[in-house]
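Computed from heavy atoms alone, side chains included, the values below leave out hydrogens, waters and symmetry copies.
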Amino acid sequence: MYKYVYSFKIQDDDENYQPVVLVTGCSSGIGFALARHLISETNYRLVLTAREKSIGVLQTEFVESDRVWILPLDIVSEESRLRAVKEIFKRWGRVDVLINNAGISYRSVLEEMLDRDELLQMQTNYLGPVGLIRLLLPRMRQNGRGKIINISSVSGMLAMPTMASYSASKFALEGAMEALWYETRPFGIDVVLVQPGFVRSRSHERVKYSVRSRVSNSNASGKARPYTTMYRYMAHFIGRMMKHGFATPDSIAHLVLYVIRTKQPPLWVPAAFDAEFFYYLKRFFPRRLVLPFFYWFLPGSKNWGSGFTRKRRRRSLLGRVWDRVTTAREESHVN
Ligand SMILES: NC(=O)c1ccc[n+]([C@@H]2O[C@H](COP(=O)([O-])OP(=O)(O)OC[C@H]3O[C@@H](n4cnc5c(N)ncnc54)[C@H](OP(=O)(O)O)[C@@H]3O)[C@@H](O)[C@H]2O)c1
């Protein structure tokens with residue numbers, strides 16, 4: 001939809017220009033769809049990457065050739081990043097388009113994360129991608145061209161409960177890329193943040209849990225914990241939103257291809273209607289009301305923390321009746 005609203009100018013490239021495109025995290029979801037779409041573009045030289053443990057997926061699905069190369073790359077490891085970039089420069093001498101796609105998402109409230117979980121979240125979604133950018137920038141600057149495309153998220157503009165760390169990592173990426181946009185503009189390098197909202201895919205099955213959030217989520221101990229209700233409603237809500245999401249890995253891959261071909265694409269590219277909607281909602285809704293509105297809107301929020309809160313609550317008789325009716329309705333949705 002975005003391309004019909006904003007007129008993107010297609011880049012006028014030399015016929016012999018065969019850009020080298022490097023994609024991270026190609027073993028599943030958006031990265032996998034990107035690999036499939038990019039392979040059909042015969043004028044690109046591709047470096048499709050995945051961690052050692054998942055590289056087999058790429059080797060079975062794609063055939064290497066003089067323009068398709070499958071390479072191991074763990075975005076978290078500095079050594080792995082250096083090795084991959086060195087090998088690419090040795091073979092093709094350049095990377096024209098970097099697609100920072102690899103990412104993980106913790107499903108945990110902030111209180112139940114450990115330092116090591118926070119670090120892994122930041123290393124994968126922020127430190128790794130910027131580390132890779134740092135290695136590629138000098139060569140892009142030398143060539144006077146380049147595109148750095150990051151798969152960000154609506155979570156980089158709006159945070160959601162039970163996804164604090166994930167949001168923090170995407171906010172960090174968004175902030176750094178905004179600065180980078182200015183820093184690379186004089187050298188002909190474009191920086192883009194593609195922002196998907198809820199994507200109709202199975203990636204919610206791959207979310208990570210901290211030790212404590214796993215217990216709270218599963219309620220395995222049988223004892224209610226302060227965040228159990230919040231997790232239950234949020235997991236159900238996110239699952240449902242993803243099931244009915246506007247975007248799919250294929251539609252995002254299609255959009256990224258469009259961005260690659262575009263001359264000076266904008267920094268922010270919302271990937272579907274929901275991303276656009278949340279952006280305008282946050283921008284034009286009175287700031288003071290945004291969070292209370294979302295709190296009210298999120299399912300079951302009035303029950304979150306029930307049994308654990310010491311917050312004083314006064315409800316009128318009518319309010320209590322209304323609470324009962326809506327709780328019964330929400331319970332019937334969840335079960
Ligand atoms: N799905 C959504 O609803 C959604 C919404 C907004 C934004 N996004 C963003 O879109 C991007 C792709 O997500 P997805 O939905 O396609 O998720 P996905 O299916 O879970 O794919 C994530 C990919 O990242 C790879 N990866 C994880 N850690 C890595 C590491 N250390 N080094 C290299 N690769 C690593 C995974 O490889 P392994 O197989 O080795 O684990 C996998 O191929 C992410 O940045 C995500 O934040 C997704």
Side-chain angles (χ1 to χ4, degrees), residues 25 27-30 51 53-54 76 102-126 151-172 196-245 247 249 274 278 291 294-311 323 326-335:
S27 66
S28 71
I30 298 170
R51 286 192 276 193
K53 75 172 180 73
S54 357
V76 165
I104 57 166
S105 167
Y106 268 89
R107 192 66 61 75
S108 169
V109 295
L110 189 137
E111 189 184 332
E112 298 194 326
M113 288 287 276
L114 292 175
D115 282 358
R116 64 159 193 254
D117 303 314
E118 296 279 6
L119 189 62
L120 183 60
Q121 180 69 83
M122 288 308 270
Q123 280 176 324
T124 316
N125 291 14
Y126 174 67
I151 310 299
S152 179
S153 171
V154 162
S155 295
M157 49 172 139
L158 276 171
M160 268 213 289
T162 72
M163 293 173 76
S165 268
Y166 177 70
S167 287
S169 69
K170 294 293 186 185
F171 269 72
F198 294 101
V199 180
R200 223 177 319 131
S201 73
R202 307 185 63 160
S203 66
H204 63 284
E205 292 167 13
R206 293 164 59 93
V207 293
K208 290 183 128 20
Y209 297 96
S210 65
V211 176
R212 286 172 64 194
S213 75
R214 186 177 293 282
V215 178
S216 294
N217 259 291
S218 64
N219 199 11
S221 64
K223 249 180 25 195
R225 293 164 65 97
Y227 296 106
T228 300
T229 319
M230 188 185 295
Y231 282 125
R232 195 157 59 97
Y233 279 104
M234 284 305 295
H236 180 71
F237 170 70
I238 294 168
R240 243 186 14 185
M241 294 299 280
M242 286 177 88
K243 199 169 148 200
H244 301 293
D274 51 354
F278 286 124
L291 299 191
F294 279 117
Y295 188 79
W296 168 82
F297 171 80
L298 285 170
S301 56
K302 67 180 85 58
N303 303 320
W304 295 354
S306 57
F308 290 87
T309 179
R310 295 173 65 99
K311 193 174 139 189
D323 278 355
T326 50
T327 308
R329 208 186 58 206
E330 278 155 2
E331 292 283 11
S332 72
H333 276 305
V334 171
N335 297 322

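Taking OG from Ser210 and CG from Asp115, the interatomic distance works out to 12.0 Å, rounded to the nearest 0.5 Å. Note: Arg232 CZ to Thr162 OG1 = 14.0 Å, rounded to the nearest 0.5 Å. Rounding to the nearest 0.5 Å places CG of Leu158 at 8.5 Å from CG of Leu291. How far OG of Ser155 is from CZ of Phe198: 7.5 Å, rounded to the nearest 0.5 Å. Taken to the nearest 0.5 Å, the OG atom of Ser213 stands 11.5 Å off from the CG atom of Leu110. To the nearest 0.5 angstrom, Trp304 atom CH2 is 13.5 Å from Thr228 atom OG1.
In this structure a side-chain-to-backbone donor-acceptor pair under 3.5 Å is present from Arg200 to Gly245. No donor-acceptor pair closer than 3.5 Å links the side chain of Thr124 to the backbone N or O of Gly103. Between the side chain of Lys170 and the backbone N or O of Ile151, at least one donor-acceptor pair lies under 3.5 Å.
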>> Run the side chain to side chain contact (heavy atoms under 4.5 Å, CB included) test on Met163 and Ser105 for me, step by step, so that the C-alpha distance in whole Å, both residues' side-chain angles and the decisive distance to 0.1 Å come before the verdict.
In response: CA-CA 8 Å; Met163 293 173 76; Ser105 167; 4.1 Å; yes
> Could you go step by step and tell me if Arg240 and His236 meet the side chain to side chain contact (heavy atoms under 4.5 Å, CB included) rule?
Replying inline: CA-CA 6 Å; Arg240 243 186 14 185; His236 180 71; 4.0 Å; yes
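If you run side chain to side chain donor-acceptor pair (under 3.5 Å) between Tyr227 and each of Arg212, Glu111, Glu112, only Glu111 comes through.
Contact of the Tyr106 side chain with the Leu120 side chain is registered, since non-hydrogen atoms from C-beta on lie closer than 4.5 Å. Contact of the Met234 side chain with the Arg107 side chain is not registered, since no non-hydrogen atoms from C-beta on lie closer than 4.5 Å. Looking at Met242 and Ser203, their side chains come closer than 4.5 Å, going by heavy atoms from C-beta outward. Residues Phe237 and Leu298 form a side-chain contact, since some pair of their non-hydrogen atoms from C-beta on lies under 4.5 Å apart. Counting only heavy atoms from C-beta outward, the side chains of Tyr166 and Val207 never approach each other to under 4.5 Å. Here the side chains of Met241 and Asp274 are not in contact, with every heavy-atom distance at 4.5 Å or above. Within the 4.5 Å cutoff, no side-chain heavy atoms of Arg225 are placed close to those of Tyr231. Counting heavy atoms from C-beta on, the side chains of Asp117 and Ser165 never come closer than 4.5 Å.
Shortest non-hydrogen contact noted between Arg206 and Ser27 is NH2-OG, 4.5 Å. When all heavy atoms of Ala102 and Asn125 are compared, the pair lying nearest together is O-OD1, 4.4 Å.
The aromatic rings of Phe294 and Phe278 sit tilted, their planes meeting at an angle between 30° and 60°.
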